[in-house]
Amino acid sequence: MRNKVTKAIFPVAGLGTRFLPATKSIPKEIMTLVDRPLIQYAIDEARAAGIKEFIFVTSRGKGALEDYFDHSPQLENELRKKGKDDLLEILKSTNMDSGTIAYMRQHKALGLGHAVWCARRLIGNEPFVVILPDDVIAAEKPCLQQMVEAYEKTGGNMVAAMEVPPEKASSYGVLDVEEDMGSMVSVKGMVEKPAPGTEPSNLAVIGRYILSPHVLKNLNKIKSGAGGEIQLTDAIAQEIGSDRGVYGYRFRGQRFDCGSKSGFLQATVAFGLSRDDLRDDLHDYLTGIMAAERVAQ
Ligand code: G1P
């Protein structure tokens, strides 16, 4: 029986400058899609996949994130007194059990690989998950759960993967595919943010990883790569050819790049339309403005 994967790292140290001025005083991960902070989507996905320990790699100014995960007895009491049971349930679903969350500071913005490496002592010698909360994935079966099920058969290292338009490939980690088995590919190379025109394929890495602890050892000695940063992609690439190997997993679901304004807006609309309490109003509004635009053209 393979080791169960129970620990997840959430790199949340980024400054979120693309969302200034909002991120001047709130962490990007607290920004809401409809009524849930970005980070809550990541936590829910991790829980659905069986994760029990949540490690946040933070930086200065991320205090609101820690507060968000605290229990709020006063608020809960108020809601209880007022008989607002549905809100109380929603609030309770965000509570985390004592001792299941850890925060680790990344003292210097040296890249994603460095952020993950900062959590090495909390991971120890176990396989672990990395979730990038900017990548929000809407799926019938949560993406990470799909991956954990696939990983139980393969072991090794697994990254979420998705075809992107070739001209966009240079914004991602990109896979060089050895064998394409449909939902799974075995990987013979990985490049972080390849120069336009040099990408080995248009199969991009999306922010869900299940990794062997060897990746942390690789990070011990890795040099800075693309953009002068310590890249997680490079440390994973060093696993190619080991008996663990690297696999890409084409998940079923729709990914939103919530690190970009346009992706964030698209996710807001999509999640709004998926909600019973908002669908009709939002739908009418959107059809109305689309029709008005057609008339104006
Ligand atoms: C990070 C990873 C990259 C991956 C991407 C997915 O890049 O370094 O390999 O393809 O996330 O969103 P970033 O978007 O942080 O530049």
Side-chain angles (χ1 to χ4, degrees), residues 8-19 23 27-29 31 38-39 41-42 45 56-59 106 108-119 129-139 143-144 147 157-177 185 187 189-196 198-211 215 218-219 222-240 246-251 253-264 266-267:
I9 301 177
F10 301 82
V12 290
L15 293 175
T17 45
R18 274 196 260 179
F19 286 91
T23 45
K28 179 177 62 174
E29 299 76 19
M31 288 179 29
L38 267 192
I39 195 68
Y41 291 87
E45 190 178 327
F56 295 88
V57 181
T58 66
S59 59
Q106 185 187 20
K108 284 186 188 166
L110 295 179
L112 177 60
H114 179 259
V116 168
W117 178 79
C118 287
V129 157
V130 177
I131 298 188
L132 308 186
D134 273 0
D135 283 330
V136 174
I137 301 172
C143 175
L144 190 62
M147 287 173 71
N157 296 278
M158 188 176 287
V159 299
M162 180 182 105
E163 258 81 25
V164 296
E167 68 278 10
K168 297 262 171 73
S170 58
S171 306
Y172 295 90
V174 179
L175 301 180
D176 194 356
V177 174
V185 302
V187 171
M190 273 176 98
V191 199
E192 181 67 17
K193 306 211 168 61
T198 68
E199 57 278 353
S201 76
N202 64 337
L203 194 55
V205 176
I206 299 302
R208 305 288 183 275
Y209 308 78
I210 306 178
L211 300 175
V215 171
N218 300 343
L219 282 169
I222 214 138
K223 299 218 165 55
S224 51
E229 298 189 336
I230 310 272
Q231 295 294 352
L232 183 59
T233 298
D234 296 343
I236 300 171
Q238 289 189 352
E239 288 285 275
I240 297 169
V246 179
Y247 299 90
Y249 181 81
R250 287 192 183 95
F251 55 93
Q254 192 181 0
R255 173 256 185 177
F256 296 94
D257 174 11
C258 290
S260 80
K261 286 177 213 185
S262 153
F264 200 98
Q266 287 167 29

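All residue numbers in this chain count up from 1 along the given sequence. Every number for a ligand or one of its atoms is a count from 1 in the order of the listing.
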Going by the atom numbers of ligand 1, which of them fall below 4.0 Å from some non-hydrogen atom of [X]?
{"X": "K193", "value": "7 (O), 13 (P), 16 (O)"}
{"X": "L132", "value": "1 (C), 11 (O)"}
{"X": "R255", "value": "12 (O)"}

Ranked by distance from atom 9 (O) of ligand 1, the top protein heavy atom is E192 OE1, 2.7 Å
Would you check the N or O atoms of [X], main chain and side chain alike, for any that come under 3.5 Å of an N or O of ligand 1?
{"X": "G173", "answer": "yes"}
{"X": "V205", "answer": "yes"}
{"X": "D135", "answer": "yes"}
{"X": "S171", "answer": "no"}

Do the side chain of [X] and the main chain of [Y] share a donor and acceptor less than 3.5 angstrom apart?
{"X": "S170", "Y": "K193", "value": "no"}
{"X": "D176", "Y": "G189", "value": "no"}
{"X": "N202", "Y": "V164", "value": "yes"}
{"X": "T23", "Y": "T17", "value": "no"}

Say you draw a straight line from CZ of R255 to CD of Q266; how long is it, rounded to the nearest 0.5 Å?
10.5 Å
Would you verify that at least one protein heavy atom lies under 4.0 Å from atom 15 (O) of ligand 1, or report that none does?
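Neighbour list for atom 15 (O) of ligand 1 is empty of protein heavy atoms (cut-off 4.0 Å).
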Atom 11 (O) of ligand 1 protein-contacted, heavy-atom criterion under 4.0 angstrom:
yes
Using non-hydrogen atoms of the residue, decide whether T233 is closer than 4.0 angstrom to ligand 1.
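T233: in contact with ligand 1 (<4.0 Å).
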Any heavy atom of M162 closer to ligand 1 than 4.0 angstrom?
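Per 4.0 Å heavy-atom rule, M162 does not contact ligand 1.
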For residues F264 and M31, determine if any side-chain heavy atom of one lies less than 4.5 Å from a side-chain heavy atom of the other.
yes
Do K223 and D234 meet the salt-bridge criterion of a basic N to acidic O distance under 4.0 Å?
no
Is it true that the side chains of H114 and Q106 contain a donor and an acceptor less than 3.5 Å apart?
yes
